[in-house]
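Everything on this sheet refers to the single structure shown next.
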Amino acid sequence: MSGAASTGTGEVWVVIGASSSVGRAFAMEAAKAGADIVLAARDLEDIEASAADITVRTGQRAEAVHWDATAFDDHDAFVADVWRFAGTRRLNVFFAAGTMRNQDEAIADFSIARQIVEVNYLAFVSVATRLEPGLRAQKGGKVVVLGSVAGDRGRRLNFVYGSAKAGLHAFLGGWRSRLQPDGVTVLTVKPGFLDTAMTWGQPGLFLVATPQGAAKACLKAANKGRNEIYYPAFWRLIMLIIKSIPEVLFKRLSI
Amino acid sequence: MKWKDVALTGWGRTSTARTQAARAERRGEIETAFNEPGGEGLIAYGAGRSYGDVALNDGGRTMLTGRLDRMLAFDETTGLLVCEPGVTFKDLAETFLHRGFVAPVSPGTAFATMGGALANDVHGKNHWSAGSFGSHVEWFDLALPSGEVRRVSPEGDAELFDATVGGLGLTGIVTRLALRLTKVTSSNVVVREARAPNLSALMERLVETHGRDTYSVAWIDALASGPSLGRGVVEAANHALSGFERAKPKRAKRLPVDLPGVVLNPASIGLFNALYYRRIPADGRERTVDFPTFLYPLDALGDWNRMYGKRGFFQFQCVLPYEEAEAGLRKLLEVIGEARSASFLAVLKSLGEAGRGMLSFPRPGFTLALDFPRKSGTAELMARLERIVLDHGGRIYLAKDAALSAQGFRMMYPELPRFRAVLDRVDPDRRMGSDLSRRLGIRSDA
Ligand SMILES: Cc1cc2nc3c(=O)[nH]c(=O)nc-3n(C[C@H](O)[C@H](O)[C@H](O)COP(=O)(O)OP(=O)(O)OC[C@H]3O[C@@H](n4cnc5c(N)ncnc54)[C@H](O)[C@@H]3O)c2cc1C
Ligand SMILES: NC(=O)c1ccc[n+]([C@@H]2O[C@H](COP(=O)([O-])OP(=O)(O)OC[C@H]3O[C@@H](n4cnc5c(N)ncnc54)[C@H](OP(=O)(O)O)[C@@H]3O)[C@@H](O)[C@H]2O)c1
């Protein structure tokens with residue numbers, strides 16, 4: 001990262017988990033709307049390609065920064081880099097990092113379970129707390145975070161991942177309230193099934209939505225200052241039903 | 001790599017395949033795929049806009065490259081674009097048309113990808129002046145079946161370059177390419193349309209456009225016969241002198257269901273063709289349209305291939321050398337007319353210099369393309385047409401093909417031995433393969 005302060009006048013979005021197809025699509029949508037972009041993930045080669053793509057297609061500035069979710073000690077430097085890129089412009093945050101692994105493997109091997117909890121939940125806590133002073137000081141900005149319908153209720157087949165997302169949702173609920181007086185909005189996005197690398201080849205999926213559609217919905221909801229959306233929207237209803245199943249029954253379901 | 005069992009079809013929906021497919025979202029994944037064992041070989045699949053089985057691999061593996069669609073660098077002074085293979089002609093129009101640059105060569109659909117355009121060395125309505133796609137590619141990065149990624153240019157390895165341009169995806173998977181875009185004076189084109197009452201008049205009018213107009217194409221009423229045989233409308237177009245507008249991302253209308261086969265019958269098609277012809281005043285007409293509308297008339301109806309019903313359709317496209325063209329086209333149109341199975345409109349274009357690829361389709365001559373709904377007797381008809389093409393020294397376009405015989409293929413593509421020699425060098429273990437390569441015995445005589 002060059003670290004040179006930008007002289008641009010528009011807004012800035014930092015997209016964390018930018019090598020996810022949803023993150024990449026969101027970065028492009030935000031750039032089309034006139035923002036400059038910081039792309040963050042581990043796969044630097046990949047996000048450098050996406051940064052170039054943004055610049056060629058939209059003319060906006062875009063930079064790729066290496067970010068490892070679990071290298072918590074590096075997150076201060078990362079956040080400082082992001083603020084340097086933003087300069088005096090308003091910073092907004094899109095968080096798409098996440099990982100889903102086989103549940104049985106996660107239970108057999110704690111290091112996998114730990115990875116799931118750290119990437120989906122703790123990494124956000126780490127970045128959010130370090131970003132907070134700057135976000136509050138700028139008296140505004142949007143934060144958009146990808147949670148999951150899996151966080152709405154722990155299911156037999158996916159509760160390690162689900163519990164990390166549930167933790168994320170709870171954190172966001174409180175943080176939203178804390179940042180509200182400073183004009184910073186926080187949007188919790190709960191996607192159903194998205195057609196991404198995470199779900200490619202997974203059995204049992206239905207009504208899979210495109211990453212582009214999800215990205216557009218996120219930007220639209222963020223611009224409206226929404227607090228929580230399901231995407232696609234019908235998942236709100238599905239989850240309402242799933243949440244209403246009594247526990248005595250639910251524990252017998254192998255879903 | 002994660003492999004998923006999927007069913008893929010060619011655009012004509014007559015060729016289908018069950019295959020293990022991976023979808024690359026990052027370039028590195030392509031190398032990984034080659035380093036994994038298994039499968040009946042591998043083939044890349046771009047946007048699936050080829051009509052037959054060139055991108056299909058039944059029982060084998062497929063690498064979907066559509067999501068590798070980033071533009072990596074663009075130089076406004078030279079027009080050189082470096083991009084990933086999944087970038088489409090639609091992406092190019094939306095990004096560059098209002099900035100004064102267009103694809104140097106474009107097929108009749110904007111949904112095709114750069115990888116697909118390279119592998120079929122596609123041609124457009126400007127072939128006479130611009131040649132085919134491969135002549136505008138400066139270099140490409142090719143993931144070889146060994147897993148090694150190599151930058152290939154005509155200066156560096158001309159044999160591998162010429163085997164990959166028009167090489168049907170069989171030399172490996174292209175992961176990046178550098179394409180020279182063309183600078184134009186306007187995002188609009190001025191189109192002149194004129195009727196031609198019969199085949200010789202039509203051919204003459206097309207030849208008249210050479211050196212005069214940037215783009216030309218003719219639509220033939222394939223059901224007209226007798227003295228009207230080969231009647232049609234010639235469109236010639238040039239960029240307007242000024243004015244740049246953004247390409248509007250149009251939402252294609254969708255066909256909600258497969259149309260029952262009976263909707264398209266000789267009577268309804270004959271009526272449509274006659275109307276299409278008469279819509280042009282006898283003394284011609286001129287209009288200004290935006291470039292994508294001119295290039296991609298069929299894209300307005302998203303999945304028009306479903307019009308032919310569940311059984312699908314074949315497309316037949318051949319090129320006949322200029323000397324033989326009139327006699328050959330006459331024979332083709334007569335046989336097609338007798339069979340009463342042609343659809344809507346046939347397209348006639350004139351081609352210039354041959355493509356540089358060993359299996360490139362374009363060569364100087366007239367190229368005729370038309371659709372045949374699949375029904376009983378279609379296979380025999382296609383075989384008769386193949387015979388006529390051979391008798392007149394022509395060749396059939398593999399991007400459109402699902403019916404050509406291995407023997408016919410060998411006669412039409414005399415550079416096959418050179419192509420095989422390159423494959424023996426870069427893919428000795430035969431890790432690449434497609435339904436088409438097996439059907440036509442590309443690796444070894446079937
Ligand atoms: C309506 C319509 C109009 C058309 N008009 C024209 C025309 O005017 N002129 C013309 O020439 N063609 C025309 N075509 C044909 C079309 O341009 C070609 O079939 C083109 O190759 C399709 O590109 P695709 O991305 O869909 O590739 P696919 O059909 O998916 O694949 C085609 C070939 O490209 C290979 N391939 C794809 N990606 C890669 C990669 N990354 N690396 C290596 N190999 C790869 C595949 O293996 C396969 O061999 C038309 C097709 C349609 C549907
Ligand atoms: N796909 C779905 O159906 C679905 C449904 C609900 C919610 N979601 C959520 O949506 C978000 C995007 O998911 P996706 O489907 O696009 O998944 P994906 O393709 O697997 O993307 C995951 C992203 O997280 C990053 N990441 C993973 N581990 C990391 C680590 N240790 N350090 C830094 N970055 C790491 C990845 O970047 P690198 O690998 O480059 O580091 C990548 O950018 C995730 O939060 C996911 O939980 C997805």
Side-chain angles (χ1 to χ4, degrees), chain A residues 15 17-29 31-32 37 39 41-64 66 96 98-102 193-205 208 210-216, chain B residues 1-6 19-33 61-64 66-76 79-88 90-99 101 114 141 149 175-179 181 246-247 249 251:
Chain A
V15 177
S19 49
S20 126
S21 46
V22 194
R24 163 144 95 95
F26 185 88
M28 186 59 79
E29 286 302 315
K32 279 186 188 160
I37 310 289
L39 300 147
R42 282 171 307 179
D43 188 342
L44 197 60
E45 196 214 355
D46 183 73
I47 57 178
E48 275 171 350
S50 295
D53 190 37
I54 285 170
T55 302
V56 174
R57 288 190 202 232
T58 69
Q60 295 301 129
R61 265 191 68 195
E63 276 190 29
H66 182 267
T99 185
M100 194 167 69
R101 303 278 296 271
N102 179 290
F193 296 131
L194 302 178
D195 188 13
T196 68
M198 188 180 270
T199 52
W200 180 256
Q202 241 187 234
L205 304 189
V208 181
T210 65
Q212 285 74 20
K216 285 199 171 98
Chain B
M1 288 266 43
K2 284 197 273 183
W3 300 90
K4 176 180 173 179
D5 185 30
V6 299
T19 178
Q20 292 295 317
R23 186 177 62 195
E25 304 220 4
R26 309 180 187 195
R27 258 196 319 269
E29 291 173 313
I30 291 186
E31 296 146 57
T32 316
R61 286 182 168 180
T62 306
M63 178 62 68
L64 309 182
R67 286 210 180 183
L68 284 179
D69 64 347
R70 288 167 293 199
M71 302 186 189
L72 303 171
F74 181 63
D75 184 336
E76 298 265 355
L80 192 73
L81 171 73
V82 179
C83 68
E84 293 180 330
V87 166
T88 64
K90 188 166 178 284
D91 293 329
L92 294 187
E94 285 171 11
T95 308
F96 296 110
L97 185 60
H98 61 285
R99 290 152 73 176
F101 288 95
M114 298 302 118
D141 285 346
V149 181
T175 60
R176 268 196 269 206
L177 65 155
L179 175 72
L181 304 187
R246 253 176 202 285
R251 184 179 277 276

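Protein chains get the first letters and strands the later ones, always in sequence-line order, with residue 1 at the start of each. As a basis for the values below, the full set of heavy atoms in this structure was taken, side chains included, without hydrogen atoms, waters or symmetry mates.
Chain A forms the most heavy-atom pairs under 4.5 Å with one residue out of B:R67, B:M71, B:R99, and that residue is B:M71. With respect to chain B, the highest number of heavy-atom pairs below 4.5 Å among A:T196, A:I54, A:T58, A:T55 belongs to A:T196. For the set B:E25, B:R23, B:E94, the entry with the most heavy-atom pairs within less than 4.5 Å of chain A is B:R23. Note: B:D69 leads B:V6, B:D69, B:V87 in heavy-atom pairs under 4.5 Å with chain A. Interface summary for chain B: among A:A51, A:P211, A:P203, the most heavy-atom pairs under 4.5 angstrom belong to A:P211. Chain A forms more heavy-atom pairs under 4.5 Å with one residue of B:Q20, B:R26, B:E84 than with any other, namely B:R26.
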Test log, rule side-chain contact (heavy atoms from CB on, under 4.5 Å), inputs B:L68 and B:T175: CA-CA 8 Å; B:L68 284 179; B:T175 60; 5.6 Å; no

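A salt bridge does not link A:D43 with B:R27: every distance from a Lys NZ or Arg NE/NH1/NH2 to an Asp or Glu carboxylate oxygen is 4.0 Å or more. Ion pairing of A:R57 with B:D91 is present here, as a side-chain N (NZ or NE/NH1/NH2) and a carboxylate O approach within less than 4.0 Å.
Judged purely by distance below 3.5 Å, without hydrogens or angles, the side chains of A:D53 and A:S50 never pair a donor atom with an acceptor atom.
Within the 4.5 angstrom heavy-atom criterion, no atom of B:A24 approaches chain A. Within the 4.5 angstrom heavy-atom criterion, no atom of B:L92 approaches chain A.
The aromatic rings of B:F101 and B:F74 lie perpendicular to each other, with more than 60° between the two planes, well past the 30° mark.
Cation-pi geometry between B:K2 and A:W200 is not met: the NZ or CZ atom fails to fall both under 6.0 Å from the ring centre and inside 45° of the normal.
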